[in-house]
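We count residues from 1, following the sequence as given. Since we're looking at a predicted model, the values are computed, not measured.
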Amino acid sequence: MTEPVALPSAEVDVVIIGGGPAGLSAALNLGRARASVIVIDAGRPRNAATLRSHGFLTRDGVPPLELRKLARAELAAYPDVRVLERTVATALIRTADAATGLRFIVALQGRSPGTPPAVAARAVIVATGLRETLPEIPSLRAYYGMSLFSCAACDAWELQDRPLALIGETPDLAARARLIARWTDRLTVFTNGADVVDTVEEAELAASGILVERRGIDDLEGDRSTVRAVRLADGTTIPIDGGFVRPRWHPALDFLSTVDADRDGEGHLVVDGSGRTSVEGLYAAGDAAAPGPQQLIVAAGQGARAAAVLVHDSVGVQTAH
Ligand SMILES: Cc1cc2nc3c(=O)[nH]c(=O)nc-3n(C[C@H](O)[C@H](O)[C@H](O)COP(=O)(O)OP(=O)(O)OC[C@H]3O[C@@H](n4cnc5c(N)ncnc54)[C@H](O)[C@@H]3O)c2cc1C
């Protein structure tokens with residue numbers, strides 16, 4: 001049963017749920033547009049497992065938490081923008097108050113001092129990113145973000161020309177292998193016993209020098225955070241020097257259960273080209289919006305775009321920027 005939602009003691013123009021690059025970039029741009037904003041952030045970024053983030057212009061190689069710290073420091077210049085850290089949005093309720101224009105109530109659970117039980121808002125931006133499930137291999141989590149990654153654009157440069165693994169159990173594995181082969185000609189695809197690469201794909205991969213290993217995986221071997229071999233269930237070990245894994249991605253949208261916004265087949269919020277969902281006043285940006293997993297700079301760009309469109313919508317203006 002859904003918990004009753006406390007009446008809001010605070011109201012703002014915009015609540016942003018999620019304080020990653022998408023949410024913080026939206027907050028910066030809304031602050032500059034003189035909107036009052038509360039950012040709610042549980043503080044569990046998708047890339048928390050890694051030490052360095054790549055590909056963000058002017059910040060290539062920045063530690064993930066440093067990027068957020070820099071962003072929050074910039075927000076401090078805007079007095080109407082408030083960030084509630086270690087706070088979770090537990091429910092989003094639609095409301096309608098013609099006098100104030102308030103459309104949503106966001107219920108909160110938080111450990112930040114002074115966290116209200118709920119906030120009312122004229123608009124909401126969902127920027128909650130994704131949750132990931134990795135293939136069930138005992139040591140995989142220890143190497144993830146250190147020498148095994150999920151995003152080729154983010155991390156393949158550092159692994160180039162090495163013998164690499166691609167581990168996954170999803171039907172897009174062959175396509176991912178072709179992408180990763182851009183950075184190495186020593187790639188083995190491990191399906192961990194899943195029937196996800198057909199014989200035509202296997203032949204195409206073989207023509208590019210990519211091996212497909214279909215046997216189940218017992219575990220990974222390595223030293224500290226560097227993976228050195230894949231040990232198969234029959235005891236065979238195949239040396240590698242890093243690689244990629246294909247997680248399964250799940251939207252982090254439990255709080256949206258009472259709001260009937262359109263989702264795609266994977267559960268990501270469907271948005272138009274500007275970040276609007278199918279529910280008026282509700283926007284989405286970053287990994288939470290279809291098509292799902294992206295990059296930091298893309299998420300930040302989507303946050304900025306959603307903010308601009310929200311401002312335009314709030315005054316009924318439909319021009320380009
Ligand atoms: C291992 C790894 C390495 C990566 N490396 C790179 C890289 O080098 N370069 C790159 O560009 N990209 C990289 N990425 C991808 C990048 O992390 C994501 O694309 C980016 O973080 C998406 O930003 P976001 O703002 O949409 O979501 P996130 O950064 O995930 O932020 C979402 C935030 O919302 C919060 N949240 C979720 N639910 C709630 C709720 N109900 N209430 C309140 N808060 C909530 C979360 O705790 C989190 O803080 C990497 C990803 C992984 C997994």
Side-chain angles (χ1 to χ4, degrees), residues 15-31 37-78 81-89 108-115 125-134 140-159 224-227 242 244-245 247 249-253 284-289 292-304 306-307:
V15 165
I16 299 173
I17 307 176
L24 294 174
S25 170
L28 175 63
N29 285 279
L30 286 166
V37 177
I38 288 185
V39 180
I40 315 295
D41 188 35
R44 302 191 65 186
R46 184 157 84 86
N47 60 348
T50 195
L51 296 178
R52 308 223 163 258
S53 304
H54 303 105
F56 197 109
L57 191 67
T58 76
R59 292 289 178 273
D60 193 27
V62 70
L65 291 180
E66 179 69 11
L67 189 67
R68 287 178 168 225
K69 207 167 122 192
L70 290 165
R72 285 199 302 268
E74 288 178 353
L75 291 182
Y78 301 90
V81 178
R82 194 171 154 204
V83 181
L84 296 179
E85 294 182 46
R86 295 183 297 158
T87 302
V88 177
L108 308 179
Q109 249 172 25
R111 286 188 281 144
S112 276
T115 300
I125 298 180
V126 176
T128 47
L130 286 169
R131 295 194 194 106
E132 297 187 321
T133 311
L134 300 175
L140 205 164
R141 178 63 65 182
Y143 300 112
Y144 188 52
M146 307 300 283
S147 54
L148 282 178
F149 302 90
S150 53
C151 163
C154 305
D155 295 296
W157 172 264
E158 281 68 29
L159 299 178
R224 292 171 181 266
S225 55
T226 308
V227 64
F244 291 87
V245 58
W249 291 293
H250 318 279
L253 298 173
D287 288 352
Q294 299 277 346
Q295 288 176 259
L296 295 158
I297 200 158
V298 177
Q302 289 179 356

(request) Please tell me if the side chains of S53 and N47 come closer than 4.5 Å, counting only heavy atoms from C-beta onward. (result) yes
(request) Can you sort out the partners of R141 under side-chain hydrogen bond (donor to acceptor under 3.5 Å, both in side chains), two or more places apart, ordered by chain and number? (result) none
(message) What I'd like to find out is whether the side chain of L67 reaches to under 4.5 Å of the side chain of F56, using heavy atoms alone.
(response) yes
(request) Using modelled atom types only, decide if a donor and an acceptor are shared between the side chain of Q294 and the backbone of G286 within a distance under 3.5 Å. (result) no
(request) Report yes if some heavy atom in the side chain of R59 is under 4.5 Å from a heavy atom in the side chain of L70; otherwise report no. (result) yes
Donor-acceptor pairs are to be reported for all side-chain atoms of residues 15-26 against protein atoms at under 3.5 Å, with residues two or more places apart or in another chain.
residue : atom : partner : partner atom : Å
S25     : OG   : A300    : O            : 2.7
S25     : OG   : A304    : N            : 3.4

(request) Just grab all the salt bridge (Lys or Arg N to Asp or Glu O under 4.0 Å) pairs involving residues 42-52, residues at least two apart or on different chains. (result) R46-E132, R46-D287
(message) If the condition is side-chain hydrogen bond (donor to acceptor under 3.5 Å, both in side chains), which residues does R68 pass it with, not counting sequence neighbours?
(response) D41
(request) Using the side chain to side chain contact (heavy atoms under 4.5 Å, CB included) rule, pick out the option among T115, L84, V83 that qualifies with I40. (result) L84
(request) Pick out which of K69, R72, R111 makes a salt bridge (Lys or Arg N to Asp or Glu O under 4.0 Å) with E85. (result) R72
(request) Using atom types as modelled and distance alone, determine if a side-chain donor or acceptor of S147 lies under 3.5 Å from a backbone N or O of S225. (result) yes
(message) The criterion is side-chain hydrogen bond (donor to acceptor under 3.5 Å, both in side chains); which residues satisfy it with D155, sequence neighbours excluded?
(response) H54
(message) Run the side-chain hydrogen bond (donor to acceptor under 3.5 Å, both in side chains) test against S150 and tell me which residues pass, sequence neighbours left out.
(response) Y144
